[in-house]
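Note that this is a predicted model, so its numbers are computed, not measured. In the text below, chain A, chain B and the rest are named by the order of the sequence lines, each starting its count at 1.
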There are 2 protein chains.
Amino acid sequence: MFAMPRAATTTDVFNAIAEPRRREIIGVLGDGKAHAVGELVHRLHMPQPAVSKHLGVLRKVGIVSRRRHGQRRLYRLNAEELRPVHDWVKAYQRFWAHQLDRIKERAERKAAERLDSKRRQDKDEEEKPW
Amino acid sequence: MFAMPRAATTTDVFNAIAEPRRREIIGVLGDGKAHAVGELVHRLHMPQPAVSKHLGVLRKVGIVSRRRHGQRRLYRLNAEELRPVHDWVKAYQRFWAHQLDRIKERAERKAAERLDSKRRQDKDEEEKPW
DNA sequence: TTGACATATTCCCATATAGGAATATAATAT
DNA sequence: ATATTATATTCCTATATGGGAATATGTCAA
């Protein structure tokens with residue numbers, strides 16, 4: 001009876017932004033202004049129902065807010081909802097940001113210097129030593 | 001006949017990290033050291049096949065590397081692969097980090113206080129002005 | 001009213017899960 | 001050789017998609 005398939009996109013922010021088109025939508029809304037559905041349809045070259053559906057997902061998660069303006073619906077980004085993602089991934093920033101401005105990332109341990117080469121593990125090289 | 005369902009988790013990093021358990025695994029591997037599957041099974045209280053499958057996904061995307069050590073498989077984080085996520089979400093950091101301190105981000109606490117009413121837009125308040 | 005416009009919703013469907021159980025493969029130990 | 005340990009893979013299934021098409025809802029204008 002307990003069949004737990006893939007996590008629902010409406011579950012959390014991580015799932016919501018997993019969709020490329022939704023990230024595109026967020027990208028347009030990234031200017032902080034309100035945008036009508038039709039404008040998104042036009043700028044992103046996406047069918048209108050698709051845009052509405054994706055906006056619905058984003059709204060359910062809280063990433064966007066909706067306002068009514070005449071016969072249009074204006075959507076606006078609630079960027080704070082993206083903060084959990086930023087906070088999560090920020091913890092791994094030290095692995096690639098050695099040389100980053102000391103101002104921001106002041107000597108975050110030298111543990112990352114061991115990342116010499118970026119290897120993709122194909123079957124051929126999967127047994128190669130690190 | 002073109003039925004394009006959800007994007008495959010093995011497609012890109014965003015989908016790979018959408019799974020909570022996979023983020024847990026990444027969390028353990030976040031120390032930069034190599035970990036055996038069994039250790040992850042023990043520490044995360046997950047069934048072994050589940051761990052192996054999730055590691056398979058992470059490996060396909062490039063987030064982890066695999067090494068052989070005796071009869072064990074040691075997995076290690078390729079944190080640089082998380083950089084696209086960081087770069088993407090970083091663009092929205094400005095929305096909640098207005099008062100970001102030049103030297104450090106101590107002032108984040110202030111910004112956190114501003115997150116007073118995290119409003120989910122239900123039908124009742126969906127027409128409320130911003 | 002009617003009609004045009006803007007957006008949302010419903011229906012159908014092919015596909016990709018993620019979990020569980022069982023099994024397979026691989027390496028080591030006896 | 002067999003047994004044990006460690007990990008991977010296969011099979012199954014319930015579910016949640018995301019796209020397309022059609023339709024419904026809602027708003028404004030004449």
Side-chain angles (χ1 to χ4, degrees), chain A residues 1-12 14-25 29 34-61 64-76 121 123 126-127, chain B residues 1-12 14-25 34-61 64-76 121-123 126-127:
Chain A
M1 241 14 174
F2 288 113
M4 192 163 300
R6 202 183 210 174
T9 60
T10 72
T11 293
D12 65 341
F14 285 90
N15 277 285
I17 68 169
E19 246 297 320
R21 335 275 306 233
R22 281 198 287 265
R23 289 201 300 278
E24 288 184 46
I25 292 177
L29 300 182
H35 295 264
V37 178
E39 187 195 343
L40 298 171
V41 169
H42 181 259
R43 289 179 58 170
L44 299 176
H45 303 88
M46 289 170 58
Q48 176 265 315
V51 173
S52 286
K53 285 178 196 170
H54 284 310
L55 285 171
V57 172
L58 295 176
R59 203 167 79 94
K60 213 164 283 174
V61 180
V64 301
S65 308
R66 188 169 61 171
R67 188 181 29 153
R68 197 189 294 271
H69 182 69
Q71 52 184 336
R72 333 208 150 173
R73 297 288 207 155
L74 302 186
Y75 284 82
R76 186 207 205 184
Q121 60 294 59
K123 285 165 185 168
E126 78 163 317
E127 306 308 344
Chain B
M1 292 62 181
F2 286 15
M4 192 163 300
R6 201 183 211 175
T9 59
T10 72
T11 294
D12 65 339
F14 285 91
N15 276 285
I17 68 169
E19 245 299 321
R21 336 270 313 225
R22 282 198 285 267
R23 289 202 300 276
E24 289 185 45
I25 292 177
H35 295 265
V37 178
E39 186 195 344
L40 298 171
V41 169
H42 181 260
R43 289 180 57 171
L44 300 176
H45 304 89
M46 289 170 57
Q48 177 264 315
V51 173
S52 285
K53 286 179 196 170
H54 284 310
L55 285 171
V57 172
L58 294 176
R59 204 168 78 92
K60 214 166 284 179
V61 180
V64 301
S65 308
R66 187 169 63 172
R67 187 182 28 157
R68 196 190 295 272
H69 183 68
Q71 53 183 334
R72 334 207 150 174
R73 298 288 207 154
L74 301 186
Y75 284 82
R76 187 208 204 183
Q121 59 292 62
D122 305 317
K123 288 167 185 171
E126 78 163 314
E127 305 307 342

Grab the [atom1]-[atom2] distance between [X] and [N] for me, whole Å please.
X	N	atom1	atom2	result
Glu19(B)	dT17(D)	CD	P	13 Å
Phe14(A)	dA16(D)	CZ	P	21 Å
Leu58(A)	dT7(C)	CG	C1'	16 Å
Asn15(A)	dA18(C)	CG	P	9 Å
His35(A)	dA6(C)	NE2	P	17 Å
Glu24(B)	dA18(C)	CD	C1'	14 Å
Arg21(B)	dT17(C)	CZ	P	17 Å
His42(B)	dA6(D)	NE2	P	12 Å

Rounded to the nearest 0.5 Å, what separation is found between the [atom1] atom of [X] and the [atom2] atom of [Y]?
X	Y	atom1	atom2	result
Arg67(A)	Leu74(A)	CZ	CG	5.0 Å
Glu19(A)	Ile25(A)	CD	CD1	9.0 Å
Leu58(A)	Arg22(A)	CG	CZ	6.0 Å
Ser65(B)	Leu55(B)	OG	CG	11.5 Å
Leu44(A)	His54(A)	CG	NE2	10.0 Å
Met46(A)	Glu24(A)	CE	CD	7.0 Å

Table of protein N/O atoms under 3.5 Å from nucleotides 8-10 of chain D N/O atoms:
unit_1	atom_1	unit_2	atom_2	d
dA8(D)	OP1	Arg66(B)	NH1	3.2
dA8(D)	OP1	Tyr75(B)	OH	2.4
dA8(D)	OP2	Ser52(B)	OG	2.6
dA8(D)	N7	Gln48(B)	NE2	2.6
dA8(D)	N6	Gln48(B)	OE1	3.3
dT10(D)	O4	Lys53(B)	NZ	3.4

- Partners passing side-chain contact (heavy atoms from CB on, under 4.5 Å) against Glu39(A) (at least two apart in sequence or in another chain):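 Here the qualifying residues are His35(A), Arg43(A).
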- Ignoring hydrogens and geometry, is there a side-chain-to-backbone donor-acceptor pair from Asn15(A) to Ala18(A) under 3.5 Å?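 Pair absent, no side-chain N/O of Asn15(A) close to backbone of Ala18(A).
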- N/O donor-acceptor pair under 3.5 Å between Arg59(B) side chain and Val64(B) backbone: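 Not at all, since once roles are kept as given, no pair shorter than 3.5 Å links the two residues.
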- Residue whose closest nucleotide on DNA chain D lies nearer the 5' end, Met46(A) versus Glu39(B):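 Upstream on the strand: Glu39(B).
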Could you list the protein-to-nucleotides 26-30 of chain C atom pairs, N/O on both sides, closer than 3.5 Å?
unit_1	atom_1	unit_2	atom_2	d
dA27(C)	OP1	Arg68(B)	NH1	3.3
dA27(C)	N3	Gln71(B)	OE1	3.3

